[in-house]
Amino acid sequence: MKAVIDRSGCIGCGLCPTLCPEVFAMAEDGLAQVIAPEVPAEAEAAAQEAQHNCPVSVITVE
């Protein structure tokens, strides 16, 4: 399973690293970034939750 963020649409709300810190983090520019492109098995549910709850729908987990 892989995670991707379209950073051009990110608003920097911080929800994804709150829900799944194993995969997402906030970058120095204030936008979210993927820190683990290959989602660890134990973080798959949390990564999918971050995708479904992203207010601007810029996260893809597949």
Side-chain angles (χ1 to χ4, degrees):
M1 184 169 276
K2 295 184 186 242
V4 178
I5 294 178
D6 175 5
R7 297 185 81 235
S8 67
C10 180
I11 60 171
C13 74
L15 182 67
C16 55
T18 299
L19 294 174
C20 189
E22 302 87 355
V23 177
F24 306 104
M26 298 307 289
E28 288 185 19
D29 63 3
L31 301 178
Q33 65 181 357
V34 175
I35 57 171
E38 287 290 335
V39 178
E42 65 275 5
E44 287 181 0
Q48 289 175 327
E49 183 178 358
Q51 174 184 346
H52 295 303
N53 288 291
C54 177
V56 288
S57 302
V58 296
I59 299 172
T60 302
V61 178
E62 50 187 22

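All residue numbers refer to positions in the sequence shown, counting from 1.
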(message) Looking at every non-hydrogen atom in both residues, tell me the closest pair between Pro17 and Ala25 and how far apart they are.
(response) CB-CA, 3.8 Å
(request) Please round to the nearest 0.5 Å and tell me the distance separating atom CE of Met26 and atom CG of Leu15. (result) 10.0 Å
(message) Listing request: all salt bridge (charged side-chain N to carboxylate O under 4.0 Å, His left out) pairs with a residue in residues 40-49, at least two apart in sequence or in separate chains.
(response) none
(request) Among residues two or more places apart or on two chains, list those pairs meeting salt bridge (charged side-chain N to carboxylate O under 4.0 Å, His left out) that have a residue in residues 18-41. (result) Lys2-Glu38, Arg7-Asp29
(request) Identify, with sequence neighbours excluded, every residue that meets side chain to side chain donor-acceptor pair (under 3.5 Å) alongside Asn53. (result) none
(message) Which residues end up grouped with Phe24 if you chain together Ile, Leu, Val, Met, Phe, Trp and Tyr wherever their side-chain heavy atoms are less than 4.5 Å apart?
(response) Met1, Ile5, Ile11, Val23, Val34, Val39, Val56, Val58, Ile59, Val61
(request) Could you tell me which non-hydrogen atom of Cys20 sits nearest to which non-hydrogen atom of Ala43, and how far apart they are? (result) SG-O, 3.9 Å
(message) Could you list the cluster mates of Val4? Members are the ILVMFWY residues connected by side-chain heavy atoms closer than 4.5 Å, either directly or through other members.
(response) none
